[in-house]
Amino acid sequence: MTASDADLATVSQQLGRAPRGVLDIAYRTPDGAPAVVTTAPRLEDGTPFPTLYYLTDPRLTAEASRLEVAHVMTWMTKRLEEDADLAADYRAAHEHYLATRNAIEDLGTDFSGGGMPERVKCLHVLIAYALAEGPSRLRLGTEAVAMAAEHGNLRGTAIPADWPTTEELGIDLTQFDFSRA
């Protein structure tokens, strides 16, 4: 699907600025709004832009920020260090991200996004990636989306109603401090 002029206008309103390098709408919310864009690996002016999937929906970006403030990234990074299967999943997601981006244009770098494959550095990237690719591509992204769905009460509006739940994924939201989020 190609981004329409109406989509680009919506994304511009969401971001508060003109979007750059948009190739497509990678994910639309259940209520129909563009929420993740696929971006060109190189912007119109030639600047490298390695972020393949960019989160635009303000409901989702706000919730990603709340999860970050609650130290979800620290929790995920610690698990990467302790769980070889989770680390292998994260590395596979990193390699898929690179292959997908390089199929558009190879930037000659092994940088993907979100801290992949060694650490979790940006939940905005992981949420965008998971929503664009679906819940089976990136386990930590799937978890972040589930947490956003439940903590932010976004299930059925910004996030699909059938997205895996934190309960199904074995995540207890009460272990995080949302008091400053």
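This is a predicted model, so every value here is computed, not measured. Worth knowing before you read on, the calculation uses all heavy atoms, side chains too, and leaves out hydrogens, waters and symmetry mates.
- A salt bridge (Lys or Arg N to Asp or Glu O under 4.0 Å) check over residues 44-65, counting only residues at least two apart or in different chains, returns the pairs Asp31-Arg59, Asp57-Arg59, Glu63-Arg66.
- The backbone N or O of Ala35 sits less than 3.5 Å from a side-chain atom of Thr56, completing a donor-acceptor pair.
- Within the structure, the ring pair (Phe, Tyr, Trp, His ring centres under 6.0 Å) test picks out the following pairs touching residues 4-63 (sequence neighbours left out): Tyr53-Tyr129.
- A chain of hydrophobic side-chain contacts below 4.5 Å, direct or via other Ile, Leu, Val, Met, Phe, Trp or Tyr residues, connects Val120 to Leu173.
- A distance of 9.0 Å separates CG of Leu126 from CD of Glu68, quoted to the nearest 0.5 Å.
- Counting all heavy atoms, side chain and backbone alike, Arg139 lies closest to Asp89 at N-OD2, 2.9 Å.
- For the side-chain contact (heavy atoms from CB on, under 4.5 Å) with Leu60, the lone residue among Leu55, Val145, Leu123 that qualifies is Leu55.
- Put simply, CZ on Arg20 and CG on Leu15 are 10.0 Å apart, with the number rounded to the nearest 0.5 Å.
- Taking the side chain as every heavy atom from C-beta outward, Leu138 and Glu133 never approach each other to under 4.5 Å.
- A donor-acceptor pair under 3.5 Å is absent between the side-chain atoms of Gln14 and the main chain of Ala33, judged by distance alone.
- Within the structure, ring pair (Phe, Tyr, Trp, His ring centres under 6.0 Å) pairs that include any residue of residues 145-170 comprise His151-Phe178 (at least two apart or interchain).
- Residue pairs satisfying the salt bridge (Lys or Arg N to Asp or Glu O under 4.0 Å) criterion with at least one member in residues 144-155, sequence neighbours excluded, are listed as follows: Glu150-Arg155.
- The line from CZ of Arg79 to CG of Leu86 is 5.5 Å long, rounded to the nearest 0.5 Å.
- Judged purely by distance below 3.5 Å, without hydrogens or angles, the side chains of Thr10 and Asp7 never pair a donor atom with an acceptor atom.
- When side chains are defined from C-beta on, Ile25 counts as touching Val37, because their heavy atoms get closer than 4.5 Å.
- Summarising the geometry of Ala146 relative to Leu169, their closest heavy-atom pair is CB-CD1, 3.7 Å, with the distance given to 0.1 Å.
- Applying the side-chain contact (heavy atoms from CB on, under 4.5 Å) criterion to Pro50, with sequence neighbours excluded, gives Arg101, Leu107, Phe111.
- In this structure, the side-chain contact (heavy atoms from CB on, under 4.5 Å) partners of Ser65, at least two apart in sequence or on a different chain, are His124.
- Shown here for Val22 and Ala3, the closest heavy-atom pair between the two residues is CG1-CB, 4.0 Å.
- Residues satisfying the side chain to side chain donor-acceptor pair (under 3.5 Å) test with Lys78, not counting sequence neighbours, are Glu82.
- Between the CD1 atom in Ile127 and the CD1 atom in Ile159 there is a gap of 7.0 Å [rounded to 0.5 Å].
- Here the side chain of Thr142 pairs a donor or acceptor atom with the backbone of Pro135 at under 3.5 angstrom.
- Pro30 and Gly156 get closest at one heavy-atom pair: CB-O, 3.5 Å.
- Two residues are said to be in side-chain contact when any heavy atoms from C-beta on lie closer than 4.5 Å; Leu80 and Leu140 meet this criterion.
- Partners of Ser12 by side-chain contact (heavy atoms from CB on, under 4.5 Å), not counting sequence neighbours, listed by chain and number: Pro19.
- Residue-environment remark: CD (Glu95) exceeds the threshold of 12 foreign heavy atoms within 6.0 Å.
- Each salt bridge (Lys or Arg N to Asp or Glu O under 4.0 Å) pair with one or both residues in residues 170-181, not counting sequence neighbours, would appear here, but there are none.
- By the side-chain contact (heavy atoms from CB on, under 4.5 Å) test, Ser112 is found to be paired with His94, Tyr97, Leu98, Met116, residues two or more places apart in sequence or in another chain being considered.
- Across all their heavy atoms, Thr38 and Ala26 have their closest contact at OG1-CB, 3.3 Å.
- The two residues Pro41 and Ile104 come nearest to each other via the heavy atoms CD-CG2, 3.4 Å.
- Taking the salt bridge (Lys or Arg N to Asp or Glu O under 4.0 Å) definition, one finds that Glu105 meets it with Arg42, sequence neighbours left out.
- Side chain of Thr77 to main chain of Thr74: no donor-acceptor pair is present (N/O by atom type, distance under 3.5 Å, no hydrogens or angles).
- Among residues at least two apart or in separate chains, ring pair (Phe, Tyr, Trp, His ring centres under 6.0 Å) pairs with a member in residues 60-93 are Trp75-Phe176.
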